[in-house]
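Below, read A as the first sequence line, B as the second, and so on, with proteins coming before strands; counting in each chain starts at 1.
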Protein chains: 2
Amino acid sequence: MAKEKHPTRERILDAAEELFANKGYEGVSVRQIMRQADADVSLAYYHFKSKQDLFDQVMLRRVEYLNSIRLKALEAVEERHPDDAPSVEEIIDAFTHPLLDLLAKEHDEWKYYFQLIAQINNSPEWGGELMTRYFDPLVRRFIDALRKALPDCDEQDLFWSYHFLSGALTLTFAETKRIDNLSGGVCRSSDMASINERMPAFLAAGFKALCSR
Amino acid sequence: MAKEKHPTRERILDAAEELFANKGYEGVSVRQIMRQADADVSLAYYHFKSKQDLFDQVMLRRVEYLNSIRLKALEAVEERHPDDAPSVEEIIDAFTHPLLDLLAKEHDEWKYYFQLIAQINNSPEWGGELMTRYFDPLVRRFIDALRKALPDCDEQDLFWSYHFLSGALTLTFAETKRIDNLSGGVCRSSDMASINERMPAFLAAGFKALCSR
DNA sequence: ATAAAAATTCAACGCTCGTTGAATGGTAGT
DNA sequence: ACTACCATTCAACGAGCGTTGAATTTTTAT
């Protein structure tokens, strides 16, 4: 496993990320995290202020990079269309593709982070606030782009469409293997290439259907 | 509040349902549940075998009724089409409408149960297994109906489409208020009528787009 | 080599956790 | 009135919780 490559602080973040993703914030103790990180319990409180702070740092570690690559993907699409508006599908693809590509890598570096986001997005307690805090500016940027691509779209239709998109995307992150059972092995939760092929088309059709009623 | 109407066992289930939905299974203690149910801690272990059993009974209490009304809705749609196949939108509507109607009631009887389902569906740990156990027969029935409505659809496209549907639907259950913030008040998470108007059309367009590529 | 700073270890705090067993009250049938 | 039986209360168990302070080792800078 060669765990000793990383400095302690990162090993703690790695362990916390994986365990929070699997069991939820309350389902994991600091002691369990530090056991997995192979370090003394009190080191958690040397490197972080509290369990909650550790959780926050797990979230923050990756969120900026995530937002930056998604913004770049959107800007690239827009630069490809200096005159007209990009298609709905292109915009949605810029929103989802960067994430699914990270998940498609053979190592698990991003897997647990996205599982965590899936849980947060669907948590009545923290879902609204955390997702807003971390992703709102980027999401507004994408919705602006979609509004331009669908100039006659009612605002409610636009936001509800994004809501459906968000649900479909984050359930994909959870990788619960439900679809593996349901499909009898025809589909696999971890098969991001298949999702990449299908999700933007599926969602773009939904946007267009709602916004041109 | 007039809590004393219900027998103890139901009061415990009510309290557990609400607290599990808000904080997750591990985020709530049996003591908290019994405090909210206004009963002694040990009564939890008189009426239920363990905390896990209490959770299971919370799930089981409503799942049969849920499956029965959704099956009836599908059968009603099919009876309306004795010769041809029902439309994709009608089938999806039968899948979602009964649930959203329960959520639309002014009291909160069903709210917490659906929030719980939203969390479970997106939980890497239990999501696949629990959802499969409780909803698989019904879901297979609906997918069969959709397959008939989309006879040329590839199996992978069909299952992935259902996956996107499931994500969109369960995020709606979570009622995280994220869309309230994002839309600046234009949309409200609790506005099931608005979702009822839009979700079947959105998802049906997605199914059709994927299945006729 | 030495002093300062960073990282790690050890022991412990008060508290809550899930769970249990034994004692008590209430209610129905005889 | 007596007896079962169902429902509830009370007290407690060992274990694990988040967190802290002080002592110790390791690294860095002079």
On the nucleotide [N], are OP1 or OP2 found under 4.0 Å from the side-chain N or O atoms that [X] carries?
| X | N | result |
| --- | --- | --- |
| A:Ser29 | D:dG16 | no |
| A:Thr8 | C:dT8 | yes |
| A:Gln32 | D:dC17 | yes |

* Asked: Can B:Arg147 and B:Asp144 be counted as an ion pair, charged N to O under 4.0 angstrom?
  -> yes

* A:Lys148 with A:Glu78: basic N within carboxylate O range, under 4.0 Å -> no

* To do: Report yes or no: is the cationic atom of A:Lys51 (NZ for Lys, CZ for Arg) under 6.0 Å from the centre of the six-membered ring of A:Tyr25, at an angle within 45° of the ring normal?
  =>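 Positive - A:Lys51 is close enough to the ring of A:Tyr25 and near enough to its axis.
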
* Have a look at A:Glu26 and say if it touches a base, only the backbone sugar-phosphate, or nothing, with a 4.0 Å heavy-atom cut-off. => nothing

* Flag if over 12 foreign heavy atoms under 6.0 Å of CZ, B:Arg133 ->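 Count over threshold, so yes.
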
* State whether the side chain of B:Ser166 and the backbone N or O of B:Tyr162 hold a donor-acceptor pair below 3.5 Å, judged by distance alone. => no

* To do: Taking only heavy atoms on the protein side, list every residue of residues 40-50 of chain B lying under 4.0 Å from any atom of DNA chain C, sorted numerically.
  =>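 B:Val41, B:Ser42, B:Tyr45, B:Ser50, in order of number.
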
Nearest whole Å is fine: how far is [N] [atom2] from [X] [atom1]?
| X | N | atom1 | atom2 | result |
| --- | --- | --- | --- | --- |
| A:Lys23 | D:dC17 | NZ | C1' | 16 Å |
| A:Ile12 | C:dA7 | CD1 | P | 11 Å |
| B:Leu19 | C:dC17 | CG | C1' | 16 Å |
| B:Phe55 | C:dG18 | CZ | C1' | 17 Å |
| A:Ile33 | D:dG16 | CD1 | P | 16 Å |

* **Residue met sooner reading DNA chain C from 5', once A:Arg31 and A:Ala39 are mapped to nucleotides** =>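 Final value for this comparison: A:Ala39.
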
* Could you check if a side-chain atom of A:Met34 sits within less than 4.5 angstrom of a side-chain atom of A:Asp40, using non-hydrogen atoms only? =>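 Not touching, per the 4.5 Å side-chain cut-off.
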
